[in-house]
Each structure stands twice: as C-alpha cells, then as structure tokens.
Amino acid sequence: MPDTFNTHQIPEPSFGKMKTVEVSVNGERVTRSVAAHTSLLDFLRDELGLKGAKECCSVGECGACTIMVDGEPVNSCLMLAVEGQGKTIETIEGQSAGGQLSTVQHSFLKCGGVQCGFCIPGMVMSAEALHRKSPCAQDSEVREALSGNLCRCGGYNRMFDAMRDAAGEDVHMKTVDPVKGRTVGQDISRAGGVERVTGSQEFIGDLVLPDMAHAKLVTLDVGRARLNKIDVSRARAVPGEIDVVPGADLPQPLPRFGPILKDRPPIAMGETAYHGEAVAIVLAECKDIAAYAAGLVEVDHDPLPVVTSIESALAEGAPLVQDPSLRPGDPLSGTNVLKELEFGWGDVEAPEPDLIVENTYTFPMVTQFAIEPHGFIVSASEEKMTIWSPVQHPFLLQSIMAELFDLPLTSVHVLAPDPGGGFGGKQMPKYEPLLALVSRRIGRPVRLVLTLEETFQSVRRAGARVSVRSGFSKDGDILFHDIQSDYLIGAYADVGTRVTTKGNYLGVGPYRVPNARIRARAVLSHTTPSCAFRGYGTPQVNWAVESQENEAARQLGIDGHEKRKRNVAD
C-alpha cells in the first residue's frame, strides 16, 4: 500500500454518521471508517491520498474525477464511498504500477494529448476502459467513450489520435527536408507529460501543508446588499471550527488592492457589490466542517438596487457601483464609467461611400471555465508570507501583495503550481489578500479551493455593446469605420480598463482603413469583475467589425473572402 494512503487523516465530523467500508483499490484491500455523506472522490483524495482523480464540477458533468469501479468508468464525485463496499476500484495511479506506462498512457503522451493535464487522468481512465473492451475501437466509439470528459485547453483531436495509436495505427507521418536532411515532425517529449498521464502532477488542490486550515466563503444570494449584522455564533459552536471571520473582525481600515486601480477590498465591508462576493470566511480542520459551518452563518442584509447591464449602468440616475471617493480627481467618478478612450485617424465624415452599414452588436459575459477551479494557499506572519497560487503572473502577485502588506519584496514568496487551465482568469490576485489576513490571524496556513459555482462567480470575460457605422465603395474598399464600444467590466477594475484599451486600439482588425474613429468606455456594474480572456478584449470588437464585413459583402454581391483579401493591410 502506498505511504500516501496515511498522510492525511480528516477529523471525524460530529454531524456525520460513520460507516466502515472495505474496498479493493488498485489491487490492495483498504478498510476505513468514513462518514455516510463522503463521496468516493473525497474518500480517494482525502482519506487515501490518491490525488489523481480531480475535483471540478462535483455534479458528474466534467469527467475529471473518472475512475473505474468493477471495470466500468464512473464519475467518482457522484458515488458515495459507502457504495464502494466490496467493489474493485482502479484509479489513474494504478495504471502505471511499477513505473511502466500503460498502452493508453504511452499513446496519450506520444500524441501530445496532455496539455495542462488537469482533465487527463479522468480522460485516460475513460480511454482505458474502452481500450480494454475494444482495443481497436472505431472513431465513433472513441468519441462516445470520451464525450463525458471535458477538455478546455487543446480540444480532442490529440486524444482521438492517441486512441488510434493505442490500437496500433501509425498516426505520426514524418516528413524529411531533402535540403537540410532534418526530420520535421520529430516526437518531442512534453515537459511534465509523464506526470500528467500518471496523475502525479500536483495542482493547487492536491497540496497539503502541515497544520493547514481549510476555508469556505460565506456569500449572499443577491446581486447587491447592505450588510446590517453578521451572526457567527452558531458556526463557531461547530466542533472542528477554527475561526469565523467577517470583515469587521479584520484589522481596520481594510486595504484595497488591484493591478490598476486599488479599489477591491479583500472581503465585503458595509455592502456587497456583486453576487458571490464574500461577506465572511470560515476556517476549519477540514473542508466538510468549513462548508457546514459556513451554512450556519446568519447575515442580516437588505437588498439594494443593481445595475447589471450597459444600458442600466449608463442610465440617468443609475445607482453608483463605486463610491466616488475611490477615484479622487477623476471627472467620471460620479458615473459608472471607469474610463473613456478615443483612438482614430483621418476623418470619418469626409468619404462619400456607395454603401453604409450600421449595426449594434452585443457580446455576452462568458466564463473562462478552466477545468481546475480556482484555489489558493497562504502561510503568512507579520514579517513574511508564502503564497501557493496557480496565478498566471506570479511576479505581479508578489509585488501587489508586498505593497498591500507593506513588506519587502523578498519577504513575499510565490510558488505557482501549473494551472489546470487559466485562459486569463488566473492572471491576477483574487483571494490571496484575504487568506493572508486570516492566516496571520490564526497563525496557520490556510487553503481555499473554490467550487465550480464559486469560480463562475469570481471570473469572467467582459460583456460588450459595440455600435459600428462603416462606409464602403462599390468595389468593396473600406472607406471608414466609426466605432462606439462599451465594455461591461463588473464591480471592480481588475484589468478591465486594459482589456477595453487593447480591444479597441486594435478595433479595425487587420484591414487597411484610411479613416477611423473608435470611442470606448469601460463601464462598472454590479456583476462579477471581469478579467483577461483569450484575445484580451479583441474578440468583442473584431466580431462586430467582421460582421460588418460580411454584411457589406452580401449587399455588394462580393465574395467575403475576396473582399477581405482586397482590404487586408500590406
């Protein structure tokens, strides 16, 4: 039995009935006493230390937690540990016993079907189950077998190639350069690839520190609310609870942080600004106790009017998302416009076009949906702190935290495990400041791993409304673009103004446009703060401009591809 089976014992929750379970895990008999409500996924990860199966959605939609039970692929988040009684369980750790990769694992590695790696253990287990039943499975069978395993990084073609490779098909065609004699298409081992296909790659949720406390956020099911009173007495009475901390119990005044504008508090004070903003944080000996105690925190609050769209945020008399005192000297501080921008050249009124196309396009808020939910660990004292975070800019996190807590840069250590997908959502600090405050308070490391629902409430791409007036000649030449775009960036700045800037100064796309006027606004709203997303603001405007191109091509009777070639910049 691996030593890791006994490295982390969860304290027995006082509110759960315990049962004895005997199962076979990767060929070894295991007997444990578990709470009746414990999922098989939590049993494997927390009781046995088998971290290969990953937790993402917890509702059987993503497949990251896939294992095999009696030879069949199963979402372990949907099965209770007690339901495993007497069954044979295989996890990703059991597929490479003795250090030898299985056929499927080797093929995934060879074909590059690994990417960030968070979804791969579950994907490999689904693939392994199929390969055992049908070693030469058809593409349709492979697609069906892997349809319950989501991947956000690289798509599925490499996984399909891997299954053909496992079936003995030669999927790698190599081309030799006759001039230099070099082999093009040479297989190169992906750094960390073996760890990804074996499940030994450690993500933030896999890390366990000695004496680590587990955190759970307390939030309100309302977009915006005035906080009257937070009663934590019932939560503090739960055995295994370490601390329950509303914002008022933290050192005052609470500092604000942000990569551009220091407007975001670590926790809501006085009122919440968006649905899901934390009003208190519970610390406990295990995540079950933390979640249970968080549900006992009573928050007396009054719902307040919200602005959740561009139209409502810009309406006359709209509720302000931010107090004007946060933006001293800003002439826009009495509005919900955080920043106005204007770019352009030439004169959009000068040309006499043969065709004018004028439309308004709306672009919805979209979540990044990395398969790995956001997670953070902080161990902090008054003199130094160490942060474990899959942040995409560790040096920016280091500098922001050092400034926020008035520490020398060398006293802030950031350890950044590989992210299980990021796409811009893990670019900047989110809950690291709050964890640093509570870690100092209790003198212990603190870990917070968000649920998928909480992750959706923490990051997203900016929505947009883009109005474009474009002029064209009868031959399809672009004569001008006049663009007005508004980006809905949420309750706090984060990098929303940078995203708005980048998306709009590149607003006319790759085309030769002699006359352009681009006016843009970053608009605050009582919604999840937006952040970077692939394309960094350009898809919102480019989609509108490309739609103009399509419409003009239709009206002029010109092929859209040829029209674009005619106008592309030299």
Side-chain angles (χ1 to χ4, degrees), residues 260 310-311 313-314 330-332 335-366 424 461-489 493 495-523 530 532-570:
I260 300 172
I310 291 169
E311 291 76 14
L314 296 177
D330 182 355
L332 298 172
T335 74
N336 286 321
V337 178
L338 185 59
K339 189 172 184 178
E340 285 185 325
L341 304 157
E342 186 164 347
F343 309 100
W345 52 88
D347 183 356
V348 298
E349 305 298 338
E352 296 182 0
D354 296 306
L355 172 68
I356 291 180
V357 177
E358 189 168 3
N359 289 301
T360 295
Y361 304 88
T362 56
F363 195 102
M365 293 183 284
V366 181
R461 169 184 266 165
R465 180 184 66 186
V466 184
S467 298
V468 189
R469 183 174 179 269
S470 306
F472 303 90
S473 73
K474 63 182 180 181
D475 295 322
D477 291 327
I478 301 172
L479 301 183
F480 70 83
H481 279 316
D482 192 0
I483 302 171
Q484 171 68 59
S485 69
D486 295 310
Y487 278 46
L488 195 70
I489 66 170
V495 292
T497 55
R498 286 183 185 169
V499 168
T500 305
T501 302
K502 175 76 173 290
N504 284 278
Y505 73 64
L506 298 174
V508 299
Y511 304 112
R512 185 175 57 252
V513 181
N515 303 286
R517 179 170 61 188
I518 305 171
R519 292 163 293 181
R521 293 179 289 192
V523 181
S530 67
F533 199 156
R534 286 181 169 176
Y536 210 79
T538 56
Q540 289 92 316
V541 180
N542 284 169
W543 171 67
V545 169
E546 292 295 340
S547 296
Q548 292 285 96
E549 285 291 298
N550 290 337
E551 180 64 23
R554 282 193 292 269
Q555 293 194 36
L556 293 169
I558 301 173
D559 177 77
H561 182 245
E562 291 301 318
K563 184 183 182 310
R564 286 174 168 83
K565 286 171 60 179
R566 181 183 183 91
N567 287 281
V568 72
D570 296 331

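The two residues Ile260 and Arg498 make their nearest non-hydrogen contact at CD1-CG, 3.3 Å. Across every non-hydrogen atom of Asn542 and Gly507, the tightest pair is ND2-O, 3.6 Å. When all heavy atoms of Tyr536 and Ala532 are compared, the closest pair comes out as CE1-CB, 3.5 Å. Heavy atoms only, all atoms of each residue included: Ser470 and His481 are closest at OG-ND1, 2.7 Å. Between Val466 and Ser485 the shortest heavy-atom distance is CG2-CB, 3.9 Å. Closest heavy-atom contact between Gly496 and Ser530: CA-OG, 4.3 Å.
The shortest side-chain heavy-atom distance between Val337 and Leu314 falls under the 4.5 Å cut-off. Contact of the Phe472 side chain with the Ile558 side chain is not registered, since no non-hydrogen atoms from C-beta on lie closer than 4.5 Å. Contact of the Lys339 side chain with the Leu332 side chain is not registered, since no non-hydrogen atoms from C-beta on lie closer than 4.5 Å. Gln540 has its side chain out of reach of Tyr361: every pair of non-hydrogen atoms, C-beta onward, lies at least 4.5 Å apart. Within the 4.5 Å cutoff, the side chain of Asn359 has no heavy atoms near those of the Val468 side chain.
The backbone N or O of Leu479 sits less than 3.5 Å from a side-chain atom of Asn515, completing a donor-acceptor pair. The main-chain N or O of Gly537 is found under 3.5 Å from a side-chain atom of Tyr487 such that the two form a donor-acceptor pair. At distances below 3.5 Å, not a single donor-acceptor pair connects side-chain atoms of Glu549 with backbone N or O atoms of Lys563. With hydrogens and angles disregarded, no donor-acceptor distance shorter than 3.5 Å links the side chain of Arg461 to the backbone of Met365. A side-chain donor-acceptor contact under 3.5 Å links Asn567 to the backbone of Gly476. Of the possible donor and acceptor atoms, none in the side chain of Asp475 sits under 3.5 Å from a partner among the backbone N and O of Asp477. Checked by atom type and distance alone, the side chain of Asn336 pairs as donor or acceptor with a backbone atom of Ala313 at under 3.5 Å.
Taking CG from Asp486 and OG1 from Thr362, the interatomic distance works out to 12.0 Å, rounded to the nearest 0.5 Å. Between atom OG1 of residue Thr335 and atom CZ of residue Arg521 there is a gap of 9.0 Å, rounded to the nearest 0.5 Å. Atoms CD1 and CD1, on Ile518 and Ile483 in that order, are 4.5 Å from each other to the nearest 0.5 Å. Atoms CZ and CZ, from Phe480 and Arg469 in turn, are 4.0 Å apart once rounded to the nearest 0.5 Å. Atoms CG and OG1, from Leu506 and Thr538 in turn, are 7.0 Å apart once rounded to the nearest 0.5 Å. Note that CG of Leu355 is 13.0 Å distant from NZ of Lys474, once rounded to the nearest 0.5 Å.
Ion pair Arg517/Asp347 not flagged as a salt bridge, since none of the NZ, NE, NH1 or NH2 atoms sits closer than 4.0 Å to an Asp/Glu carboxylate oxygen.
Annotation for Glu342: atom CD counts as buried by contact number, over 12 foreign heavy atoms lying within 6.0 Å.
A donor-acceptor contact under 3.5 angstrom links the side chains of Arg564 and Tyr511, judged on distance only.
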*Report the C-alpha separation of Phe343 and Thr501 in whole Å, then their side-chain angles, then the decisive distance to 0.1 Å, and conclude whether the side-chain contact (heavy atoms from CB on, under 4.5 Å) test is met.*
CA-CA 9 Å; Phe343 309 100; Thr501 302; 4.0 Å; yes
*Worked check of side-chain contact (heavy atoms from CB on, under 4.5 Å) between Val499 and Ile489*: CA-CA 9 Å; Val499 168; Ile489 66 170; over 6 Å; no
